[in-house]
Amino acid sequence: MRTYDQLFLGGRWTGPATTDTFEIRSPHDRALVGTAPKASKADVDRAVAAARRALEPWVRTPLAERLRLVERFNDLHAARADEIAELITAENGSPSWFTGWTQHNLPERTAAWLKTAREFAWEETLIDEAGNRTIVRAAPVGVVAAVIPWNSPHSAALVKLIPALLAGNPVLLKAAPETPLDAMVLAEIFAEAGFPEGVVSVFAADRDVSEYLVTHPGVDKISFTGSTAAGRRIASLAGEQFKRVGLELGGKSAAIVLADADPKTVAEGIQSATFANNGEMCVAHTRIFAARERYAEVVAALAEMADGLVVGDPAKPDTFVGPIVRRDQYERVLSYLRLGVEEGARIAAGGTAPLANPELADGFYVRPTVFADVANDMRIAREEIFGPVLVVIPFDTEDEAIRLANDSGYGLSGGVWTADAEHGVEIARAVRTGTFHVNGAPRHGNAPFGGFKASGVGREYGSHGLAEFVEWQAIAAGR
């Protein structure tokens with residue numbers, strides 16, 4: 001069990017203003033994982049004040065020194081990958097294969113940020129026909145509040161922290177109440193890396209204090225990953241104060257299965273695209289559109305795949321699907337399973353029946369579920385469930401498939417499965433979504449990531465993500 005009694009405010013470990021704590025219990029068996037302090041509004045005030053004091057010195061710190069500190073952090077973070085993966089699995093129920101893969105992949109992502117920062121156009125000079133100079137330079141946006149979710153906490157944290165710090169911004173990381181312990185480990189690593197006082201703060205807080213943070217007059221930019229409902233609230237609050245905001249929100253992503261695709265290959269790809277991390281992913285492909293002439297085959301292949309997944313203790317290496325993170329979210333997922341039946345859909349795999357394994361009786365376990373005979377206007381096809389649930393919807397023509405894929409309030413991810421990859425690219429160009437995969441192809445690590453419509457505002461990764469943490473200044477300098 002891990003116990004923390006201090007917060008990391010302004011680069012220093014300090015006692016919290018109150019004695020309130022988060023008690024973290026495993027969603028697998030309800031065993032106590034650890035405790036961590038709950039930040040208060042007074043703690044936020046201290047962290048923001050430290051960040052404001054650090055802003056100008058950090059802006060003036062040469063890029064080479066910021067790069068050195070991030071490189072040092074990356075080395076320390078990589079050395080603790082296994083420890084962190086194990087802790088996150090205990091906190092939120094993510095299976096160990098997923099947390100291990102994520103944590104061991106993060107050093108490469110941070111290295112990519114370092115390369116992007118070295119190559120970024122921090123300043124350039126434009127010359128007009130008369131010989132007059134205009135200097136265009138990237139200035140730090142200011143104090144950044146990075147607010148992250150629980151489902152992949154270090155990945156969500158570093159995609160904000162690293163580019164913001166490299167751009168010269170102090171950052172306050174607000175972790176989710178479900179995963180404060182791994183956030184404290186992250187704070188330990190930043191402390192050891194030797195960042196200047198005030199540049200980094202790490203704490204967890206409840207919703208009331210989180211809202212206080214994003215409305216704090218000392219915060220210049222909010223970078224948020226989480227639900228669309230919370231994103232709307234943050235956007236509204238930020239708009240009142242003209243704060244810069246980046247929002248990576250929810251999804252109900254569509255995968256189009258053309259008639260020439262092999263159903264077994266599709267099912268193998270959908271396994272991770274939908275059910276990885278217990279289906280608790282904003283990018284999950286949860287609406288599967290299958291050509292009507294192959295519909296029965298696709299449903300059967302997906303159902304066989306779902307029924308074959310190992311559900312159980314997330315710490316065990318053979319487990320593919322672990323427990324849902326919290327009781328209320330578990331009950332919410334079950335309510336959607338009941339709703340699907342009420343709406344007229346057919347359960348092809350999974351459903352509400354409890355798992356037969358008595359060792360899992362105390363956990364928040366849901367069987368991976370496939371709904372067939374679904375219409376795109378059903379709630380199970382339109383609302384983000386955030387659990388191991390997918391729906392399969394038939395289509396007659398490609399134009400209809402594209403129309404149905406676009407008939408959603410979301411636009412975060414998606415894909416197409418076809419024997420003709422180049423034709424798949426043509427399909428991709430017609431779908432309004434931020435990321436699209438042809439036959440499950442991976443996205444380049446420096447490609448922009450973010451959503452259309454209610455899936456968010458702004459982009460992460462690569463030069464597009466780094467540009468989210470700067471303001472552009474034009475200086476007309478004459479000849």
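Atom NZ of K160 sits about 12.0 Å away from atom NZ of K174, to the nearest 0.5 Å. Separation of atoms CE (M281) and CZ (F275) is listed at 10.0 Å; rounding is to 0.5 Å. Atoms CG and NZ, on L67 and K115 in that order, are 13.0 Å from each other to the nearest 0.5 Å. Y336 OH to R379 CZ: the interatomic distance, rounded to the nearest 0.5 Å, is 5.0 Å. For the atom pair OG (S253) and CG (L390), the distance works out to 12.5 Å, reported to the nearest 0.5 Å. Taking CD1 of I402 as the reference point, atom CZ of F289 lies at 11.5 Å (rounded to 0.5 Å).
Note on residues 68-119: pairs passing ring pair (Phe, Tyr, Trp, His ring centres under 6.0 Å), not counting sequence neighbours, are F73-H77, F73-F190, H77-H154, W97-F320. For residues 155-183, there are no ring pair (Phe, Tyr, Trp, His ring centres under 6.0 Å) pairs, not counting sequence neighbours. Contacts classified as salt bridge (Lys or Arg N to Asp or Glu O under 4.0 Å) and involving residues 364-375 (residues at least two apart or in different chains) are given here: R346-D373. Listed by first and then second residue, the ring pair (Phe, Tyr, Trp, His ring centres under 6.0 Å) pairs involving residues 392-434 amount to none (not counting sequence neighbours).
Between V219 and A145, the closest heavy-atom pair is CG1-CB, 3.7 Å.
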For residues 304-318, which side-chain N or O atoms pair as donor and acceptor with protein atoms under 3.5 Å away, sequence neighbours left out?
| from | atom 1 | to | atom 2 | distance (Å) |
| --- | --- | --- | --- | --- |
| D313 | OD1 | A315 | N | 2.9 |

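A salt bridge is absent between D260 and R294; no separation between the charged side-chain nitrogens and carboxylate oxygens falls under 4.0 Å. Under a 4.0 Å N-O distance rule, the pair E83/R2 qualifies as a salt bridge.
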Check against side-chain hydrogen bond (donor to acceptor under 3.5 Å, both in side chains), T397 and D399: CA-CA 5 Å; T397 68; D399 286 345; 5.4 Å; no
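In terms of modelled atom types and a separation under 3.5 Å, the side chain of T433 and the main chain of L412 share a donor-acceptor contact.
Residues satisfying the side-chain contact (heavy atoms from CB on, under 4.5 Å) criterion with E108, sequence neighbours excluded, are N105.
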